[in-house]
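As a basis for the values below, the full set of heavy atoms in this structure was taken, side chains included, without hydrogen atoms, waters or symmetry mates. In what follows, chains are A, B, ... by sequence order, proteins preceding strands, each numbered from 1.
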2 protein chains.
Amino acid sequence: MSAPVAKVAREGAEGGSRRLILDTAARLLRSGGYHQTTLREIAEAVGIRKASLYYHFASKEEIVEEVVNDGVRFVHEAVVAALAEHAAASPHARLEAAIRAHLTALHGHGDYTSASIKVFTFGAMPVPDSVRQVRRAYGEVWRGLIAELQQAGAIAPERSPEALRLFLLGALNGSTDWYRPGRFDIAELAQEFAALIAQAG
Amino acid sequence: MSAPVAKVAREGAEGGSRRLILDTAARLLRSGGYHQTTLREIAEAVGIRKASLYYHFASKEEIVEEVVNDGVRFVHEAVVAALAEHAAASPHARLEAAIRAHLTALHGHGDYTSASIKVFTFGAMPVPDSVRQVRRAYGEVWRGLIAELQQAGAIAPERSPEALRLFLLGALNGSTDWYRPGRFDIAELAQEFAALIAQAG
DNA sequence: TTTCACCTACCGTCCGTTAGGTAGGCTAAT
DNA sequence: ATTAGCCTACCTAACGGACGGTAGGTGAAA
């Protein structure tokens, strides 16, 4: 059958396998979604037997949950950092920075964040509480930013902030369907999108 | 290596089962996506045995393909009809009408169109040529409308029409994730979204 | 008598998951 | 310095069940 060689042993200190499994799962979930991604696939890509996954995780759902939450948290932190970096900029510039950070995290860093959207958007299966919570926290960042923009006059006061938020996040996350590294430039896209929904200032 | 029978059957007469199967498949695909929706589920919901599905369709993929194409075609026709109805209106009003028609087809008529997005967005597996073709045709409608808006001055000439189109369609289709009949009004959403991306005229 | 629309029964494959075993390293008592 | 015991990180093998799909039969209608 298979040669059990693979005498690695001295791998990265401790817990290295866990991260490797998550990285691999993220990559596969990104392109295949929840049901198409199997534990056999993950195990094979990692280089271990599928049963060994159960040493590190209790179930498939636990793996997916961790990937999804990591992904959302990564985007969250990227956007918060971008806003902090542009704290003194104009509202329009802050919006553009936030959009750029979101898109960069989504497409640049990649697997975890894209997997997160693919798995969640595709719906299905009871969404764990932890996932809902992490996503809600990220939503708050945008709620705050939009309120700020509206207060500053960069967005007309009669626009519904909730509709705008859902519209914008939907459009940004939808970019996973059409964005390709060579064909678009993230900075340009961010500029385009920011120009659409807020007046320059 | 070709299908032995081109079974068109009597379309008008007694093709009730076929439609019923498609309706049911659309409903299940809408909420479950491709892999979670099984032939057993469909058959049980229809009230027949699973093997009987193969009297009407050659494979699962054939069922899904037909549902998806019907869905996109329905939205396509709804938007084209709305644009024809508002042929004499202002560019902004035409955009709003098109958005309203898209959202109405998506959420009002429902299952086929939502299933179409769910299955396609979720990506995966080789997308049949027919599906790609039907979607491309619909994309052309929006390309034309955006060009028209830009030419009329309702959209700034420096905006990238392709980025705008992808942004808008992504946002509209993303509404399947958050739209709930009671909590939002489609006409109001269309007004909001149109106001975001084109100047009133 | 042929065709239609469905049936029962079954196929091989793959799924997530579990049980139980083992090589190698660390720790602590002998 | 040896060794017993434990822990880690994997392994092989198998489980029941669900998957899409096929073979062949049946009663009613045409």
Tabulated below should be each protein N or O lying under 3.5 Å from an N or O of nucleotides 12-19 of chain C; please produce it.
from   : atom 1 : to    : atom 2 : distance (Å)
C:dC15 : OP1    : A:T38 : OG1    : 3.3
C:dG16 : OP1    : A:K60 : NZ     : 3.0
C:dG16 : OP2    : A:L39 : N      : 3.1
C:dG16 : N7     : A:R40 : NH1    : 3.2
C:dG16 : O6     : A:R40 : NH2    : 3.4
C:dT17 : OP2    : A:Y54 : OH     : 2.5
C:dT17 : OP2    : A:K60 : N      : 2.9
C:dT17 : O5'    : A:Y54 : OH     : 3.0
C:dT17 : O4     : A:K50 : NZ     : 2.5

Between [N] and [X], is there an OP1 or OP2 to side-chain N/O distance shorter than 4.0 Å?
X: B:H56; N: C:dC4; value: no
X: A:R49; N: D:dT12; value: yes
X: B:S52; N: C:dA5; value: no

Any idea which heavy atoms bring [X] and [Y] closest together, and the distance?
X: B:R94; Y: B:A87; result: NH1-CA, 3.4 Å
X: B:Y54; Y: B:S59; result: CE2-CA, 4.1 Å
X: B:V67; Y: B:A115; result: CG1-CB, 4.0 Å
X: B:Q36; Y: A:H35; result: NE2-CE1, 2.7 Å

Separation of [N] [atom2] from [X] [atom1] (nearest whole Å):
X: B:Y55; N: C:dC6; atom1: OH; atom2: C1'; value: 9 Å
X: B:I48; N: C:dC4; atom1: CD1; atom2: P; value: 17 Å
X: A:R18; N: D:dC10; atom1: CZ; atom2: C1'; value: 16 Å
X: B:E44; N: C:dC7; atom1: CD; atom2: C1'; value: 16 Å

Problem - CD (A:E140) with more than 12 external heavy atoms under 6.0 Å - result: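 Yes.
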Practice task
Would you check if the distance from the ring center of A:F167 to the ring center of B:F167 is below 6.0 Å?
Solution key: yes
Let me have the donor-acceptor pairs involving side chains of residues 75-85 of chain A, under 3.5 Å, with sequence neighbours excluded, atom names and distances please.
none

Donor-acceptor pairs under 3.5 angstrom involving side-chain atoms of residues 183-198 of chain B: please list them, not counting sequence neighbours.
from   : atom 1 : to     : atom 2 : distance (Å)
B:D185 : OD2    : B:A187 : N      : 3.3
B:D185 : OD2    : B:E188 : N      : 3.0
B:E192 : OE1    : A:R159 : NE     : 2.9
B:E192 : OE1    : A:S160 : N      : 3.0
B:E192 : OE2    : A:S160 : N      : 3.2

Practice task
Would you confirm whether A:Y138, through its side chain, and A:R73, through its main-chain N or O, come within 3.5 Å as a donor-acceptor pair?
Solution key: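 No.
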Handout entry: Annotated protein contacts, base or backbone, on nucleotides 24-30 of chain D with a non-hydrogen cut-off under 4.0 Å, one of B, S, - each
Key = -------
Exercise for the section: With axes from five pairs an end, tell me the bend angle of the helix from C:dT1-D:dA30 to C:dT30-D:dA1, nearest 10°. Expected result: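 Axis-to-axis angle, ends of the helix: 10°.
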Practice task
Let me see the working for A:T24 and A:E41 under side chain to side chain contact (heavy atoms under 4.5 Å, CB included), right down to the final yes or no.
Solution key: CA-CA 9 Å; A:T24 306; A:E41 255 184 316; over 6 Å; no
Fill in the blank from the handout: Residue pairs passing the salt bridge (charged side-chain N to carboxylate O under 4.0 Å, His left out) test with at least one member in residues 160-172 of chain A, sequence neighbours excluded, are A:R143-A:E162, A:E162-A:R165
